[in-house]
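Everything on this sheet refers to the single structure shown next.
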Amino acid sequence: MADPQYKPFPFDEEPRRATPPSRPAPYLEGLNPEQLEAVQSLDGPVLVLAGAGTGKTRVLTTRIAHLLATGKARPSNILSVTFTNKAAREMKERVGHMVGDIVEGMPWMGTFHSIGAKILRRHAELVGLNPSFTILDTDDQIRLIKQLLQAGNIDEKRWPARLFAGYLDGWKNRGLEPERVPAGEAASFANGKGKELYVQYQQRLKVLNAVDFGDLLMENIRLFQNNAEVLAQYQHRFRYMLVDEYQDTNVAQYLWLRLLAQESKNICCVGDDDQSIYGWRGADVDNILRFEQDFPGAKVIRLERNYRSTANILGAASHLIANNKSRLGKTLRTEDEPGEKIKVIETWDSGEEARQIGEEIEQLQRKQHKLSDIAILVRASFQMRQLEDRFVEIAMPYRVIGGPRFYERQEIRDALAYFRVIVSPADGLAFERIVNVPKRGLGDTTMQMLHDYARQNEVPLLEAARVLSSTDDMKPKPRGALRDLIASFDRWSKQLPTIPHTELARIVLDESGYTEMWKNDKSAQAAGRLENLKELVRSMEQFENMQGFLEHVSLVMDTIEGGDVDAVNLMTLHSAKGLEFDTVFLPGWEEGIIPHQRSLDESGRAGLEEERRLAHVGITRAKIRAILSFASRRLTHGMWNTNLPSRFLDEIPEEFIEKIEGEGSYAAQLQSRFDRAEPFTSGYSTPGWQRAQARKGGGFSERGSSRGGPLTIEGEILARSSGPSAEFEIGDRVFHDKFGYGEIMEVEGTKVTVEFDKAGEKKLVASFLKKA
DNA sequence: TGATGCTGCGTTTTT
DNA sequence: CGCAGCATCA
């Protein structure tokens, strides 16, 4: 990722002429031979196997620059797809650095879904949609399925809507039309009604003029398969294709790519089979493993020189991943120093593990290490809890990455539902969501009436409401409320073309009583929700109109970036993919956690291998320092469980490791237990578990030191220590931004113990509390 | 319609 | 244990 300065791009001087080979273009400087080959092999299928930290993004972006510089392609002839919006943004930015404003003329750089949506809108009629179709989110999808289950008299207890949503997702990931769904799978839902429900679901989507995420690709495939001329048009347009993170593609994406690449065959896929960690959501590693069969004559290029990590880190990661059977095989190498050994910390329990990590971080901090260069990567989010508790106690600023996303919050979705109804009155799901939010006395009975009428007369829900509210079939109270609501929507719809959309948004939230509702809410989060609504309206300014904004929102469900506060990063291994940090902590290396028990139970050896890849991803995030740890006892759903060290620890050769016993680890006890019970932890079970120099000296840290600065969680201000902390006495009522209201139980120096009404008893630094 | 209590569940997540 | 989702009751 550490790119040297890019040289100016020669596009302007020689727009259409190939750069003579004798004088390599400046942007090619500094590439190693393999990277250079990957960049320059422009024609024909190419698979770039790019290990962690080998500069794959650089290859991808330089390749685009090269395509443009050599005149092989114009910007609009290049299709480059990524999975996430973040990756797409980064690519755009980096290509922009090389080629300047030309990047703005690259309309086909984006996620699979956004490109799919773009193509679909142009040809919507061909698949039975109106170009203004809406894209449903998971909430809408679940609501729709629930309606179908009710209509079909299916017991929602036995066959939850979520389960069916999972099936649907799985089918669409594999590109399966209802007729193609394997009989067994279709039969396993609701006594054989699976296929029928799938058909009904698709019919309902067409009526609603909506698609779900899976359809963005499925409908594309349908479009291409049934309209040869449309397909030909795109095959011709996309003369060069680039795919990032190819190991994460699912079958539908693969089919889509194959259709488009059939003509030109100029497809370049970049990926790493050793970083495939999304098998459970449909990613098919086989796509990468069989690339050479799919694209005969494909050139395979391996990037094995790592520019990120020290030799010790790389050695550990390489040996670990070498235990996997299904892989194409790469050997990462570096010219870096060995660097520090990987620390493996053994602790007595998970609480001590959290304390140790806290102290290690405090030590690093004393050496001027920036907190934001530190990450703690956990397998599952329940592991975060004890870490967070500890950090709160010692006032260590931290940030949780990848928590609930901004656009997924209740208040945001409600607000969006209002906007959606205004823009597309046929959007029954959006209407249903907010019809009684805030409370208007429009309950189940009313909704049932509306649904019945809408179905019988095949009109949108809003239309049904309009008709029914002017008849005598309804009781006066709901009738009046409904009429008011419809009148409001009519008014807002009229204002849509005349008033700036941000202004309209404010008006809608105000006049609907939505803002009022949260103002009257006394819960701890209400203030935050109002703040989020303001942020939402503010973020709308960057869009031309409401429609544009809604399209963005449905495809770019982004988290709002947390502030630039210096804080430790806490996240799952999955969300760490693609990131790098100077120091990486990997807690919970225990059997059952990593590898996760459920993975083992449900997917056997394949599951184990994916877990191992996850472990490998974790280690390779570290640039200079990795600290693994495991605890013998762990608090899980209120119960103490004993755990054995992860088998992955034993797969890392001793030479890369420095073993450390945490304070208070009962070495002797552990020792004897491991000796008896543990078959695969030889390294840790035998007397070979050496007493390395303990990380003493930092044993007693001066905690609660004035670290200041706001603490953030999920990008929100968690707590602020504003100068000298307020004085508290036992019995004081206090407020904490995360834990809510509570009462002071004990005071010791800067720290207090608080009994929170909701969150229970916590010990924390007083400066994070306000008087209530 | 709201409040309250009970049951069941508990891995990873993007679009 | 803690939470979410649902059912039941007032």
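Convention: sequence-line order gives letters A, B, ...; per-chain numbering from 1. This structure is a prediction, so every number in the text was calculated from the model and none was measured. Just the heavy atoms: all of them, side chains too, but no hydrogens, waters or symmetry mates, feed the values below.
- Taking 4.0 Å as the cut-off between side-chain N and carboxylate O, R613(A) and D274(A) do not count as a salt-bridged pair.
- Not a single ring pair (Phe, Tyr, Trp, His ring centres under 6.0 Å) links H616(A) to another residue, sequence neighbours left out.
- Across all strands, G441(A) comes closer than 4.0 Å only to sugar-phosphate atoms, never to a base (heavy-atom distances).
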Dump every N/O contact between nucleotides 9-13 of chain B and the protein below 3.5 Å, one line per pair.
residue, atom, partner, partner atom, Å
dG10(B), N3, H637(A), ND1, 3.3
dT11(B), OP1, R598(A), NH1, 2.3
dT11(B), O4', H596(A), NE2, 3.2
dT11(B), O2, R379(A), NH1, 3.0
dT11(B), O2, R379(A), NH2, 2.3
dT12(B), OP1, S381(A), N, 2.9
dT12(B), OP1, S381(A), OG, 2.3
dT12(B), O4', R379(A), NH2, 3.1
dT12(B), O2, W280(A), NE1, 3.1
dT12(B), O2, R379(A), NH2, 2.8
dT13(B), OP1, T572(A), OG1, 2.7
dT13(B), O4', R281(A), NH1, 3.4

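- For the OP1/OP2 pair of dT15(B) and a distance below 4.0 Å, the side-chain nitrogens and oxygens of N85(A) include at least one atom meeting the criterion.
- Residues that satisfy the ring pair (Phe, Tyr, Trp, His ring centres under 6.0 Å) test with F238(A), not counting sequence neighbours, are W108(A), Y234(A).
- Residues satisfying the side-chain contact (heavy atoms from CB on, under 4.5 Å) criterion with I142(A), sequence neighbours excluded, are K146(A), A161(A), R162(A), A165(A).
- Taking atom CG of residue N250(A) and atom C1' of nucleotide dT15(B), one finds them 11 Å apart after rounding to whole Å.
- Contacts of L442(A) with the nucleic acid, taken as non-hydrogen atoms under 4.0 Å apart, involve only primed sugar atoms and P, OP1 or OP2.
- For the pair R158(A) CZ and dT7(B) P, the interatomic distance rounds to 20 Å; values are reported in whole Å.
- Annotation: ring pair (Phe, Tyr, Trp, His ring centres under 6.0 Å) contacts of H574(A) (sequence neighbours excluded): Y278(A), W280(A).
- dG5(C) and dT12(B): their P atoms are spaced 15 Å apart (whole Å).
- Residues passing the ring pair (Phe, Tyr, Trp, His ring centres under 6.0 Å) test with F382(A): none are found, sequence neighbours excluded.
- No engagement by K477(A) is indicated, since no non-hydrogen atom pair under 4.0 Å with the nucleic acid exists.
- When rounded to the nearest whole Å, the span between CD1 of I142(A) and P of dA4(C) equals 16 Å.
- In this structure, G443(A) and T111(A) both approach DNA chain B, and ranking their closest nucleotides by distance from the 5' end singles out G443(A).
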